[in-house]
Amino acid sequence: MLISTRGRYALRIMIDLAEHMNGSFIPTKDIAERQEISLKYMEKIMTMLSKNGLVEGVHGKGGGYRLYRAPDDYKVGDILRVTEGSLSPVSCLENGAEPCSRISQCKTLPMWKKLDSLINEFLDSITLADLMANSTVDDYVI
């Protein structure tokens, strides 16, 4: 599993929105400047986040984006699954994957399932609020 730039930027954007929450919409240009992300690339990410119900967006004067919920209601795993599609370490564990013809003989499948579980449990144990608090890895407990 390799988290793409899109996933990493989505986390930065969501943290920025959380840190600047005041009830009003935050202009995309402001977020892009603070996070040093191209406006064009950021719009693609915002469309994904908006379509999946993570942020609310309004176009035009006074427009921008804002979070739907409080920062502690957003799990890192949920944000990454929206942007990455899958967090599975191997393709056979992805949602909708074709059943592997070797599943009955696969000696590594239990290991991959455990790793998949650990990844998801870990990322689902961290919230935007945790990231805003600048917690260390040792602060996160599965």
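Values below: every heavy atom of this structure, side chains too, minus hydrogens, waters and symmetry copies.
Heavy atoms of other residues, nucleotides or ligands lying less than 6.0 angstrom from CD of Glu98 number 12 at most. Counting heavy atoms of neighbouring residues, nucleotides and ligands inside a 6.0 Å radius, atom CG of Asn22 exceeds 12 of them.
Between Ile126 and Lys75 the shortest side-chain heavy-atom distance does not fall below 4.5 Å. Two residues are said to be in side-chain contact when any heavy atoms from C-beta on lie closer than 4.5 Å; Pro71 and Met21 meet this criterion. Side-chain contact between Trp112 and Val90 is present, with at least one heavy-atom pair separated by less than 4.5 Å. A 4.5 Å side-chain heavy-atom check between Met46 and Val55 finds at least one atom pair inside the cut-off. Side-chain contact between Thr5 and Tyr41: present, with at least one pair of heavy atoms (C-beta onward) separated by less than 4.5 Å. Put simply, the side chain of Arg6 reaches to within 4.5 Å of the side chain of Met48, judged on heavy atoms. With a 4.5 Å cut-off on side-chain heavy atoms, Leu109 and Lys113 count as touching. You'll find the side chain of Tyr74 reaches within 4.5 Å of the side chain of Met14, heavy atoms only.
Of all non-hydrogen atoms in Ile79 and Ala10, the two that sit nearest each other are CG2-CB, 4.1 Å. The two atoms that bring His20 and Ile26 nearest to each other are O-CD1, 3.4 Å, heavy atoms only. Across every non-hydrogen atom of Gly7 and Leu80, the tightest pair is O-CD2, 3.7 Å. Taking every heavy atom of both residues into account, Arg69 and Gly53 meet most closely at NH1-O, 3.9 Å.
To the nearest 0.5 Å, the span separating NZ on Lys107 from CZ on Arg102 amounts to 9.5 Å. Here Lys44 contributes atom NZ and Thr47 contributes atom OG1; the two are 10.0 Å apart, rounded to the nearest 0.5 Å. The distance from the CD1 atom of Ile13 to the OG1 atom of Thr28 is 9.5 Å, given to the nearest 0.5 Å. Rounded to the nearest 0.5 Å, atoms CG (Leu87) and CG (Leu123) are 6.0 Å apart. For the atom pair Ser86 OG and Asp116 CG, the distance stands at 7.0 Å (nearest 0.5 Å).
No side-chain donor from either of Ser50 and Glu56 sits under 3.5 Å from a side-chain acceptor of the other. Under 3.5 Å, the side chains of Asn120 and Arg81 contain a donor-acceptor pair of N or O atoms.
Under a hydrophobic-cluster definition in which Ile, Leu, Val, Met, Phe, Trp and Tyr are linked whenever side-chain heavy atoms come within less than 4.5 Å, directly or via other members, Leu11 and Phe122 are assigned to the same cluster. No path of Ile, Leu, Val, Met, Phe, Trp and Tyr side chains, each step under 4.5 Å between heavy atoms, connects Leu39 with Val58, placing them in separate hydrophobic clusters.
Each of Ile15, Asp16, Asp30 was evaluated against Gln35; a single residue qualifies, Asp16, per the side-chain contact (heavy atoms from CB on, under 4.5 Å) test. Of the listed residues (Leu67, Leu128, Leu54, Leu49), just one forms a side-chain contact (heavy atoms from CB on, under 4.5 Å) with Leu17, and that residue is Leu67.
Although no hydrogens or angles enter the test, the distance criterion places a donor-acceptor pair under 3.5 Å between the side chain of Arg66 and the main chain of Gly23. In terms of modelled atom types and a separation under 3.5 Å, the side chain of Ser88 and the main chain of Ser91 share no donor-acceptor contact. A donor-acceptor pair is defined here as one N or O able to donate and one able to accept, closer than 3.5 Å; no such pair exists between the side chain of Glu19 and the backbone of Met132. Judged purely by atom type and a 3.5 angstrom limit, Asp130 uses its side chain to pair as donor or acceptor with the backbone of Thr127.
Phe25 has its ring centre no less than 6.0 Å from the ring centre of Tyr65.
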